[in-house]
Number of protein chains: 2
Amino acid sequence: MARRPAPDTRERILDTAALLFYDHGVQAVGMQQIIDRAKCGKSLLYREFPSKAELVAEYLERARQDFGRQYAEADDHAGSDPSARLIAFVEAMAESVQSPDYRGCPFRNYLAEVADHDDSAGRIATGYLLDSRARIEDFVADMNVAAPDVLAERIWLIVEGLHTAAAHPGGARAADVALSLVRELVRDATRV
Amino acid sequence: MARRPAPDTRERILDTAALLFYDHGVQAVGMQQIIDRAKCGKSLLYREFPSKAELVAEYLERARQDFGRQYAEADDHAGSDPSARLIAFVEAMAESVQSPDYRGCPFRNYLAEVADHDDSAGRIATGYLLDSRARIEDFVADMNVAAPDVLAERIWLIVEGLHTAAAHPGGARAADVALSLVRELVRDATRV
DNA sequence: GTCTATAGATGGATAGAC
DNA sequence: GTCTATCCATCTATAGAC
């Protein structure tokens with residue numbers, strides 16, 4: 001029994017909670033379940049996370065940062081052409097749904113299972129969606145196409161479908177389908 | 001206290017439960033909440049629905065039948081051309097997301113919030129999705145297009161996006177976006 | 001009196017929080 | 001570990017319609 005608190009305790013608890021929240025849904029997972037799996041005491045968990053609501057919010061906030069890093073890295077390799085950056089963004093999202101145990105987008109799942117979107121976690125989830133959509137709109141706006149609003153709306157709809165369809169039965173090909181469709185829309189829109 | 005059993009008791013309970021389940025999610029609604037809202041006794045609810053799981057399953061089953069009737073009615077007015085029937089199907093789905101208090105597709109929401117898809121309610125939800133997708137595939141197969149699999153996959157992705165995007169902030173135009181995109185894909189695919 | 005509805009007490013399990 | 005609250009589900013008690 002170490003008296004000194006392990007510095008990675010908070011991260012380990014958050015890792016454990018994130019896995020359980022994502023796999024079974026936020027509401028279906030109890031605090032005791034997280035405590036058992038993380039092998040920590042109750043007092044330790046409540047010292048790091050004062051309530052379940054804050055633990056959920058930090059789970060989504062960390063997921064948002066993780067996705068943000070992946071998208072930033074993909075953007076670094078995409079060059080400066082806005083259409084290439086747009087494709088790279090969609091590719092990064094398509095890659096994130098390719099996991100064999102993919103169970104849907106954590107933000108969209110949270111918004112689907114919790115009706116109140118005005119709490120801390122809900123604002124993170126809606127903020128993530130709005131940021132993703134704004135990123136697409138910004139890329140399209142820089143592409144000098146005839147109808148940027150229409151193109152951005154269509155791509156966003158496909159992105160929404162990508163995250164949802166991949167979690168449903170028979171959704172293994174959703175990433176390829178979304179990517180080919182987005183590429184075709186971009187190609188048609190940028191054709192001289 | 002009426003001795004005569006009201007013949008619409010079961011439907012009234014199911015109506016009440018359906019509203020609550022859809023608005024707040026299945027897991028967030030308690031049986032007592034339904035009992036209070038439906039103004040019925042506890043024993044009466046449990047006589048009609050032996051468990052919450054069965055009540056949820058009947059909620060989804062009735063929703064499936066309701067949607068099925070709407071789609072069948074739309075199909076009756078679409079004539080016999082498979083592309084017209086396909087468009088009518090997508091139009092009917094687009095109409096169902098136009099409600100101002102739309103909170104997502106009940107089947108997709110259920111699958112998002114409950115991880116186990118092998119129970120009675122889960123099979124109804126997945127069955128609805130598979131049926132909808134098969135209907136699209138059947139219509140496209142009758143259209144004599146060059147690549148029916150690709151077209152059906154793309155339309156299904158858009159349909160998934162339609163149901164998801166309409167429930168998210170800024171999703172008011174999702175129905176129009178999905179419809180115009182599907183119409184364009186069908187037009188391009190059937191062009192001689 | 002008989003039947004059925006409602007209302008409330010209750011059981012056991014589990015929730016979040018201290 | 002403990003506390004309170006709530007979950008689903010069952011059972012009992014009572015009030016009213018026939």
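Naming: A, B, ... by sequence-line order, numbering from 1 per chain.
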Taking A:Tyr22 for its side chain and A:Arg103 for its backbone only, find out whether a donor-acceptor pair lies under 3.5 Å.
yes

Just wondering, more than 12 heavy atoms not from A:Gln98 lying within 6.0 Å of its CD?
yes

Return the value, rounded to whole Å, for the distance between atom [atom1] of [X] and atom [atom2] of [N].
| X | N | atom1 | atom2 | value |
| --- | --- | --- | --- | --- |
| B:Met31 | C:dA7 | CE | P | 16 Å |
| B:Ile13 | C:dT4 | CD1 | C1' | 14 Å |
| B:His24 | D:dT6 | NE2 | P | 17 Å |
| B:Gln32 | C:dT10 | CD | C1' | 13 Å |
| B:Glu48 | C:dA5 | CD | C1' | 12 Å |
| A:Gln27 | D:dC7 | CD | P | 12 Å |
| B:Ile35 | D:dC7 | CD1 | P | 11 Å |
| B:Asp36 | C:dT6 | CG | P | 12 Å |

Can you see if the side chain of B:Arg47 gets near the phosphate of C:dA5 - specifically, an N or O under 4.0 Å from OP1 or OP2?
yes

Nucleotide of C:dG16, C:dA5, C:dT6 approaching A:Tyr46 most closely (side-chain heavy atoms):
C:dG16

Which listed nucleotide (D:dA9, C:dT6, C:dG16) is nearest to the side chain of B:Lys52?
D:dA9

Test: B:Asp15 and B:Arg37 ion pair at under 4.0 Å:
no

May I ask you to decide if the ring planes of B:Phe89 and B:Tyr71 are parallel, tilted or perpendicular, using 30° and 60° as cut-offs?
perpendicular

Let me know, please, whether A:Val26 or B:Ser43 comes out on the 5' side of the other along DNA chain C by nearest nucleotide.
B:Ser43

At 4.0 Å (heavy atoms only), tell me whether B:Ser51 reaches a base, stays on the sugar-phosphate, or touches nothing.
sugar-phosphate

Base, sugar-phosphate, or nothing: which does B:Lys42 touch, judged by heavy atoms less than 4.0 Å apart?
base

A:Gln32 and A:Asp36 side chains, donor-acceptor separation under 3.5 Å
yes

